[in-house]
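This report concerns only the one structure given below.
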Amino acid sequence: MTIYEGKKAVVIGGTHGMGLATVARLVDGGAEVLLTGNNEDNLAKVREQFGTRAHALRSDIADLNDIAALGAATGQKMGAIDLLHINAGISELEPFDQVTEASFDRQFAVNTKGAFFTAQRLAPLIRKDGSIVFTSSVADEGGYPGMSVYSATKAALVSFASVLATELLPRGIRVNTVSPGFIDTPTKGIAGITDAERANFKALGDAVTPMKRNGTADEVARAVLFLGFEATFTTGAKFAVDGGLGQKLSTAF
């Protein structure tokens, strides 16, 4: 019997990076997975990779109609589920005085509003002893230049998780947040990034992270699945996967 055999999971934003790594571990472990994405090329690659082992659905987390359709599709294809992982997110790096209403609204629509209403729509489908895991960011606190809006959207997720953890306690559902630091993914989580910018961002992560490297998508996936299935006495928590960056560890030694 494989580790996740008989389990059912939904991964929002599961076509690349950390979400894809989480899907891969779930599928390899025998789980039935429904994943979402909003890029048809990425969805096609995922369908080719997993075949019938995963349901890949085009869904825009910023569209409430798509969220409603996702809920209906999840109920039809999966019935009750054990894990909801809300991983979709975008970041647009802009100095405070250059933030536009459009970029502000885009980031809050995906990272905050979409995440909240996805949890609201799918929570009724989660079994007793199931869980929700949100993906936040090490930038959800502190003060990182160019991240005023992004940081606020991710901080809101931590607040959501704290309240949902309380409200879903009577149903036995745990709600936690994973908080990644610099993770080596194709987009680095930044909209429209170039290869050169990605290399510079990776080098910055290597320099400022106490462990002196970027994390891997699989390291985040392992943390998500720990919170999802193994941390059975943990709810309302924020789990850092950041190489010590958010803990301000000394790098003097």
Quiz item: What are the two closest non-hydrogen atoms of T2 and G30, and how far apart are they?
Solution: OG1-CA, 3.5 Å
Practice problem: Could you pull out all residues at least two apart from R53 that satisfy salt bridge (charged side-chain N to carboxylate O under 4.0 Å, His left out)? | Solution: D28
Quiz prompt | Whether Q98 side chain and P95 backbone form a donor-acceptor pair below 3.5 Å | solution = no
Quiz item: Any chance NZ of K45 has more than 12 other-residue heavy atoms, nucleotides or ligands included, within less than 6.0 Å?
Solution: no
Quiz item: How about K8: does its NZ atom have over 12 heavy atoms from other parts shown lying under 6.0 Å from it?
Solution: yes
Practice problem: Determine yes or no for a side-chain-to-main-chain donor-acceptor pair under 3.5 angstrom, with S179 supplying the side chain and A240 the backbone. | Solution: no
Quiz item: Are the side chain of N87 and the backbone of G13 linked by a donor-acceptor contact shorter than 3.5 Å?
Solution: yes
Exercise. Would you please indicate yes or no on a ring centroid separation below 6.0 angstrom for F134 and F160?
Key: no
Practice problem: Apply side-chain contact (heavy atoms from CB on, under 4.5 Å) to E92 and V149, showing your working. | Solution: CA-CA 8 Å; E92 300 184 25; V149 177; over 6 Å; no
Exercise. Could you tell me whether the side chain of P180 reaches within less than 4.5 Å of the side chain of V138, counting heavy atoms only?
Key: no
Quiz item: Going hydrophobic residue to hydrophobic residue with side-chain gaps under 4.5 angstrom, can you get from V158 over to I183?
Solution: no
Quiz item: So does R222 pair up with D218, basic N to acidic O under 4.0 Å?
Solution: yes
Quiz item: Is the closest side-chain heavy-atom distance between F229 and D82 below 4.5 Å?
Solution: yes
Quiz prompt | Contact summary for R174 and G228, nearest pair of heavy atoms | solution = NH2-O, 2.9 Å
Self-check item: Sole candidate of I81, V11, L70 that passes side-chain contact (heavy atoms from CB on, under 4.5 Å) when paired with L34
Solution: L70
Exercise. Taking R106 for its side chain and I90 for its backbone only, find out whether a donor-acceptor pair lies under 3.5 Å.
Key: no
Exercise. Give a yes or no on this: more than 12 heavy atoms of other residues, nucleotides or ligands lie within 6.0 Å of atom CD of E101.
Key: no
Exercise. Step by step, work out the side-chain contact (heavy atoms from CB on, under 4.5 Å) result for K113 and F108.
Key: CA-CA 6 Å; K113 180 180 177 181; F108 267 94; 5.9 Å; no
Quiz item: Hey, are the side chains of V178 and V241 touching, using non-hydrogen atoms and a 4.5 Å cut-off?
Solution: yes
Quiz item: What pairs meet the ring pair (Phe, Tyr, Trp, His ring centres under 6.0 Å) rule with one or both residues in residues 14-73, with sequence neighbours excluded?
Solution: none
Quiz item: From D195 CG over to N200 CG, what is the distance, rounded to the nearest 0.5 angstrom?
Solution: 11.0 Å
Quiz item: Roughly how far apart are R58 CZ and T15 OG1, rounded to 0.5 Å?
Solution: 12.0 Å
Quiz item: Does any non-hydrogen side-chain atom of V208 lie less than 4.5 Å from one of F182?
Solution: yes
Quiz item: Under 3.5 Å, is there a donor-acceptor pair between the side chain of K7 and the main chain of V33?
Solution: no
Exercise. Would you kindly confirm whether I61 and L64 end up in one hydrophobic cluster when ILVMFWY residues are joined by side chain heavy atoms under 4.5 Å apart?
Key: yes
Self-check item: Which atom of A9 lies closest to which atom of M78, heavy atoms considered
Solution: O-CE, 3.3 Å
Self-check item: Nearest-0.5 Å distance that lies between atom CD1 in I3 and atom CZ in R25
Solution: 9.0 Å
Quiz item: If every non-hydrogen atom of G89 is compared with every non-hydrogen atom of V110, which pair is closest and at what distance?
Solution: CA-CG1, 3.9 Å
Self-check item: Least distance between heavy atoms, A207 atom then K212 atom
Solution: O-NZ, 2.7 Å
Self-check item: ILVMFWY cluster, L168 and V163 together (side-chain gap under 4.5 Å)
Solution: no
Quiz item: When rounded to the nearest 0.5 angstrom, what distance separates CG in L164 from CD1 in I173?
Solution: 10.0 Å
Exercise. Check T36 against I12 and note the closest heavy-atom contact, atom names and distance.
Key: OG1-CA, 3.3 Å
Quiz item: Taking D206 for the side chain and N214 for the main chain, is one N or O donor matched with an acceptor at less than 3.5 Å?
Solution: yes
Quiz prompt | Distance, nearest 0.5 Å, that separates CG of L93 from CE of M147 | solution = 5.0 Å
Quiz prompt | Interatomic distance, I126 atom CD1 to I132 atom CD1 [nearest 0.5 angstrom] | solution = 4.0 Å
Quiz item: Quick check: does any side chain N or O of T235 sit under 3.5 Å from a backbone N or O of V175, one acting as donor and the other as acceptor?
Solution: yes
Exercise. Assess whether side-chain contact (heavy atoms from CB on, under 4.5 Å) is satisfied between N176 and F239, documenting all intermediate values.
Key: CA-CA 8 Å; N176 294 292; F239 190 101; over 6 Å; no
Exercise. Start with the C-alpha gap between T22 and L225, add the side-chain angles, then the distance that decides, and say whether side-chain contact (heavy atoms from CB on, under 4.5 Å) holds.
Key: CA-CA 7 Å; T22 303; L225 297 177; 4.0 Å; yes
Quiz item: Is a donor on one side and an acceptor on the other found under 3.5 Å between the side chain of S137 and the backbone of A139?
Solution: yes
